[in-house]
Structure formats: C-alpha cells, structure tokens
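Heavy-atom basis, side chains included; hydrogens, waters and symmetry copies ignored. For ligands, and for the atoms within them, numbers begin at 1 and follow the listed sequence.
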Amino acid sequence: MPIQSINPYTLEILTSFDEMTEQQVEAAIAIAHETYQTWKFASYEERAKVLNKVASLFKAKKTELAKLITTEMGKLIKQAEYEVDYAINIFEYYAKNGEAFLADEVLKVETGEAFIRKSPIGVLLGVEPWNFPFYQVARFAAPNIMIGNTILLKHASNVPQCAKAIEDIFKEANAPAGLYTNLFMPGSKISTLLDDVRIQGASLTGSEKAGASLAEAAGKNIKKSVLELGGSDPFIVLEDADIERATTLAIYGRTVNNGQSCVASKRFIVVEEVAEEFLSKFTAKMSALKLGDPMDTETQLGPLSSEEALNAILKQVEKAVSQGAKIETGGKKADLKGNFIQPTIISNITPEMDLYKEELFGPVASFYVVKNEEEAIKVANATEFGLGGSIFSKNIERAKKIANKIDSGMIYINHPTKSSTDLPFGGTKRSGYGRELSALGIDEFVNKKLIRVISENEKL
Ligand code: NAP
C-alpha cells in the first residue's frame, strides 16, 4: 500500500511514497546497529555538534517545514511555525545540557570508589503520531542521540513528507548514516521489529491500541518501552475562578491544534455556582470561532487531520446524543469542503454513556456541572486516562491541594496543561508510562551502570 499525503483542507492527494521492502527494513536496522558501535563512544561534543546542526537546518527551513505540517495535517500555520521553533529548542536544549544530565553520579562508599555511569543501550525504535510531526520526533530523538543511542523512526502514515524532511535534515547535517533512519512502514507491521535482537527499546506516542501492541512486543522480548498515550484531561473551574479568563483559556485548551492534542482540555468540570456564567461565555466564544483555510492567519479553527478522524468524532457525538446527552452548540460536520466539525459543547453526560469514558480528539468539549470541590475531584478521576489536567481558582493553596488528589501525570493551575522543554511530560494509568523532555527525558533509555572500585588495601 502506498503511503499517501493528503491535504485535509483541500482533500487533494499531495504525493505518495512506497512502503519499504523487507530488504530495505533489514538494511535500515543493520546500518543503525553498525553506527551504534561507534556512536556509543563518540564524545558529547561530537553528538552535540550534530544536534546543533540539525537545529540550525530546521531554522533555515522554518517556513517550508511549517507549511508541510499545515498541508499534511491541517494545523493552523502560526501554530505550525511555533512547532518548528519548539523542535529547534529541544534539539538545542539537549545539545547544551545533555552532558550535565548524563554526568556520573558518585555514590558514598566507605572505601574505594563507586559511581553510576549512564551509558547508551543501542538501537531504539520510535513510533510517532501525526499531530505534532516535528515536536514529537524531536523530544524522542534529541535526548537519545545525545546519550549515544541510534534511532529508527516510524512516523504516522499521514505525514510522510514531514517524516522524510527530518531524515533529509539529518543527512544534510552530515550525521553518520544510520544515526537517524526513517521507516516507511504501516503501523500494523511495526511491533514485530522488536523481535530483532539489534533493537534494544521502543517509545510510542499515540493511541492505547498501538501502545499496547508495541509494549506487548517489548515485554515479550524483555526490552524497555516508554508510552505516551491518550488523555481526557479535566479542566476544573472553582467558584472563585476568574471566569472570563477561564473561558478564554478553555477555548485555547480545547481547540489548540484543532482540538487534536493529547493534553487538550477535554472535560470541563465546573462548580454549580459559576456553571451558568461559564457555559454561556464558553458557548459564545466557541460558536464564534472562524473556521477555514489553515494557511490563512485569520482562521481560528482548521480541519481535522483525516476523513477517518472526522467520521470517528461525529460518530461519538451522535452516539452521545442518542444516549441522552445535549448539544449546547455545534455537533455536526461543518459546511466546508475539508474535514471540518463545528466547534461543539456537549452537556448532560452521565456515567452510563460511552462518552463519559472516551477521549474526544477534536474541538468537542464535554461539560459537567458539579456541586463542589469534592465532586469535581471525583469526576476528574472518573477516567482510565491520567495525562494532564488543570484547575482554575484564585486560591493557589487550595488548588495545589486539589492537584494532589488528581490521578494524572501533570496538573497545571490556572492554565491548560502544556509542554515545556525543561519540564517533564508524561502520564499515568492508561495514558502510559515514562517521561519525555527535561532531565527526566534523557534518563529513559540509558544503562545506569554501576562502576565500583575496591581499594587494594581492603581486607580480603
Ligand atoms: P495511532 O493510530 O496510535 O498512531 C500513532 C503511531 O502508531 C503511528 O505512527 C501509527 O502508524 C502507529 N501505529 C498504529 N498502529 C500500530 C500498532 N498496532 N503497533 C505499533 N504502531 C502502530 O494514534 P492516532 O490515533 O493517530 O493519534 C492520536 C492518539 O495519540 C490520541 O489518543 C492522542 O491522545 C495520542 N497522543 C498522545 C501524546 C502524548 O504525549 N501522550 C501526544 C500526541 C498524541 P500508522 O500511522 O501507520 O498507523
């Protein structure tokens, strides 16, 4: 099957690529493994030089790379430009701080010496999603290249041009062949690669189904895995919150990346005292969003990434309505050629409905009214996901106490969850395990090797 690049706004097929043959995949693994034998002994300076060169090429190509994102998956062009900058920042961050993050850790012993040396482990397989085609790859590849591992990267099939652009940049940066190799393969064939002894670990960002498949293969082969999966982040609004600000941030939280972010705010949980005010402001702002061409800087909401994604979310909305939920605004396919859904808010959702447990990957908000703080915490935790979440209150100490009671990997107070290079990113429960970014993100695929020196004077 050819791997197609389709513009989700115009629905035009832009280009397509052939799936790699078995021989090509074998050659990719072989070169990644061969390069690892020397890259693992390369100096930090040499590794940082490659990352900095990659960053400078991203800078030089920023406009063209941002356009690629927008034409392949529909992100608004300004957000695409921001994503390219963010990827640059990640490459530079690990080039600058990697050596310090990986420094020996001296352990206290009575005689002789003991320390932990962080060593690379080998060829890694990265499986990445389409929603942030450059940022997701940067946050996996940069720290691991700095450690001394080599990378095989299987990108989502709907962003093949972005996938190829990254590999081309590594080539142009004069990185050793095999340091970073793109795999044009369908997701269904990826997990079996972990049976290969030359591949030592895998990281996947994507759905639970894909994550479970990869982790199963890693577990069977006793290999390390990191999973960054879906989320259904709560957005809790307490009675003492600034409602005007909270509703503006609710729009940002639910519609950034056209609603297709793992840490988008998905469940709006508002205490009854301010629920009416919140809902009326939120509805007014949501229904006023300007839909259209993601290349146009005036557009506020672009198309979903694919026709399948659009159909899936429309089906979730229809089912919720058939089970008794109420549409406050939107709910239908928008009257535009591309994969557009109207910005939507759904209320009257009960625990018996499927939507109560599901992730909504698009600009569709679930709205819940709760009596008080305790009930807000209960609804926030009534999900199998545990990625991010946010709490809106003027009382920071109160919000911090609530944050302590929410089962998720990240909680932001007075802002939807977001990602920063120097802060850890990751989840708990069915949202996955392991962390990316910050000093924690460079610690996942390392061998924390103990080196112990016994003093010759020690009694035998
Ligand atoms: P997806 O279908 O799981 O795709 C993600 C990647 O996994 C793609 O490269 C895909 O390849 C591959 N894949 C598919 N089936 C696979 C399998 N059986 N074994 C191994 N790999 C497989 O994800 P999606 O639905 O497009 O992306 C949205 C999901 O990702 C959402 O749930 C979202 O919340 C989550 N996400 C999480 C984070 C995070 O940091 N936690 C960030 C972004 C997105 P193909 O394209 O070839 O199928």
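With a 4.0 Å cut-off on non-hydrogen atoms, E436 does not touch ligand 1 at all. Looking at Q136 against ligand 1, only its side chain comes within 4.0 Å, counting heavy atoms. Only the side chain of V127 comes within 4.0 Å of ligand 1, judged by heavy-atom distances. Only the side chain of S213 comes within contact range of ligand 1, with a heavy atom under 4.0 Å; no backbone atom does. Only the side chain of L204 comes within 4.0 Å of ligand 1, judged by heavy-atom distances. Heavy atoms of K189 found under 4.0 angstrom from ligand 1: none, in either backbone or side chain. Proximity of F132 to ligand 1, defined as any heavy-atom pair under 4.0 Å, is not found for any part of the residue.
Close N/O approach between K209 and ligand 1 is not found [any backbone or side-chain N/O within under 3.5 Å]. Of the N or O atoms in N131, none lie within a sub-3.5 Å distance of an N or O in ligand 1. Between C262 and ligand 1, a contact under 3.5 Å exists for no N or O pair. In terms of polar-atom proximity, defined here as any N/O pair under 3.5 Å, S188 makes no such contact with ligand 1. Considering both main-chain and side-chain atoms, S261 never comes within under 3.5 Å of ligand 1 through any nitrogen or oxygen pair. Between L229 and ligand 1, an N or O atom pair is found at a separation short of 3.5 Å. Annotation: S431 places no N or O atom under 3.5 Å from an N or O atom of ligand 1; distance criterion only.
Taking each of K266, E308, K154 in turn, the one with a heavy atom nearest to atom 10 (C) of ligand 1 proves to be K154. For the residues G126, G231, S207, G206, the heavy atom positioned nearest atom 2 (O) of ligand 1 is part of S207.
No salt bridge links E172 with K53; every basic N to acidic carboxylate O contact stays at or beyond 4.0 Å. Of the charged side-chain nitrogens involved, at least one lies within less than 4.0 Å of a carboxylate oxygen, so that K59 and E92 count as a salt-bridged pair. A salt bridge does not link E359 to R430: none of the charged nitrogens lies less than 4.0 Å from a carboxylate oxygen. Salt bridge absent: K266 and E358 never bring a charged side-chain N and a carboxylate O closer than 4.0 Å. Using a cut-off of 4.0 Å between Lys/Arg side-chain N and Asp/Glu carboxylate O, E444 and R435 are scored as not salt-bridged.
Using a non-hydrogen distance threshold of 4.0 Å, R139 registers as a contact of ligand 1.
For R139 and F425, the positive end sits near the middle of the six-membered ring, less than 6.0 Å away and at most 45° from its axis.
Counting only heavy atoms, the protein gets under 4.0 Å from atom 40 (O) of ligand 1.
The closest side-chain donor-acceptor pair between T421 and Y94, if any, does not fall under 3.5 angstrom.
Looking from atom 9 (O) of ligand 1 to the surrounding protein, the closest heavy atom is E128 O, 2.8 Å.
Checked against a 6.0 Å centroid threshold, the rings of Y252 and H415 count as neighbours.
Listed by atom number, the atoms of ligand 1 under 4.0 Å from S191 heavy atoms are 19 (N), 20 (C). The distance from ligand 1 to the heavy atoms of S157 drops below 4.0 Å at these ligand atoms: 45 (P), 46 (O), 47 (O). Taking a cut-off of under 4.0 Å to the non-hydrogen atoms of H155, the atoms of ligand 1 that pass are 9 (O).
Side chains of N149 and I121 form a contact here, defined as non-hydrogen atoms less than 4.5 Å apart. In this structure the side chain of Y86 never reaches within 4.5 angstrom of the side chain of F134, judged on heavy atoms.
The distance from atom CG of N182 to atom CD of E167, rounded to the nearest 0.5 Å, is 5.0 Å.
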Verdict with supporting geometry, F235 and F268, ring-ring contact (aromatic ring centres under 6.0 Å, His included): CA-CA 5 Å; F235 180 110; F268 295 81; 4.8 Å; yes
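Using a 30° and 60° split on the angle between ring planes, F278 and F367 fall in the parallel class, below 30°.
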